[in-house]
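Start at 1 with the first residue, then count along the sequence.
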Amino acid sequence: MNNPVEQIIATNQENVDVITGWANQAFSGIEKLVELNLATSKEAIAEAFSHTQSLLGAKDPQELLALQSEFFTPLAEKSAAYAQQVQTIVTDSKAEITKALEAQTAGVQRIWSGVLQNLTQNAPTGSETAMAAFKSAFSAGQNVVEMAQAQTKKVVETAQSNFAAAATQVKKASRVA
């Protein structure tokens, strides 16, 4: 595939495939979060009804306080476990998308480098200045993409770190409780 137009069309098709893959990965993560939230909600409602039934059957204030304590003590641990599950889903989704993004970026850069090399080799005489300017612009574009990737990676790592710190605080609070 030495024809630059064919290479560009192939690159565009790959980009569409990659975007479709990213969307599927994002929806997969969202599905996992929705399933977790539904299961957690279902369990919380069942426990609340059960607890209400127990409270209605309490015969004195001491039993009422004991039932309340029994209900709220594991709540912090469950919250910590929920936060850990959310963090795992987010981390796994981020890892899959980051891996795909890095692979796609490398592939696109390789293809565009081939296109650029092909254009340079087949450029008409006298277009050296234009080709040098195009190469320079291409190189600058690659640098911008690399910087954007690095910044995006830092933002995701910071968010993940903050989420992990929050989950750790929830776990500590549940131990204290």
Expected output: side-chain Ser28 to main-chain Asn24 donor-acceptor under 3.5 Å: no

Separation between CD1 of Ile45 and OG of Ser50, rounded to the nearest 0.5 Å: 13.5 Å

Minimum-distance pair of heavy atoms, taken over all atoms of Gly29 and Ser93: CA-OG, 3.4 Å

Residue pairs involving residues 44-55 (criterion salt bridge (Lys or Arg N to Asp or Glu O under 4.0 Å); sequence neighbours excluded): Glu47-Lys78

Glu63: salt bridge (charged side-chain N to carboxylate O under 4.0 Å, His left out) partners, not counting sequence neighbours: none

Where at least one partner belongs to residues 33-72, residue pairs that pass ring pair (Phe, Tyr, Trp, His ring centres under 6.0 Å), sequence neighbours excluded: His51-Phe71

Rounded distance (nearest 0.5 Å) linking atom CG of Leu67 with atom CG of Leu55: 5.5 Å

Those residues that, when tested against Asn37, pass side-chain hydrogen bond (donor to acceptor under 3.5 Å, both in side chains) (two or more places apart): Tyr82

For Val34, the rest of its hydrophobic cluster, which grows through side-chain links under 4.5 angstrom: Phe27, Ile30, Leu38

For Thr91, side chain to side chain contact (heavy atoms under 4.5 Å, CB included) partners two or more places apart: Gln87, Gln160

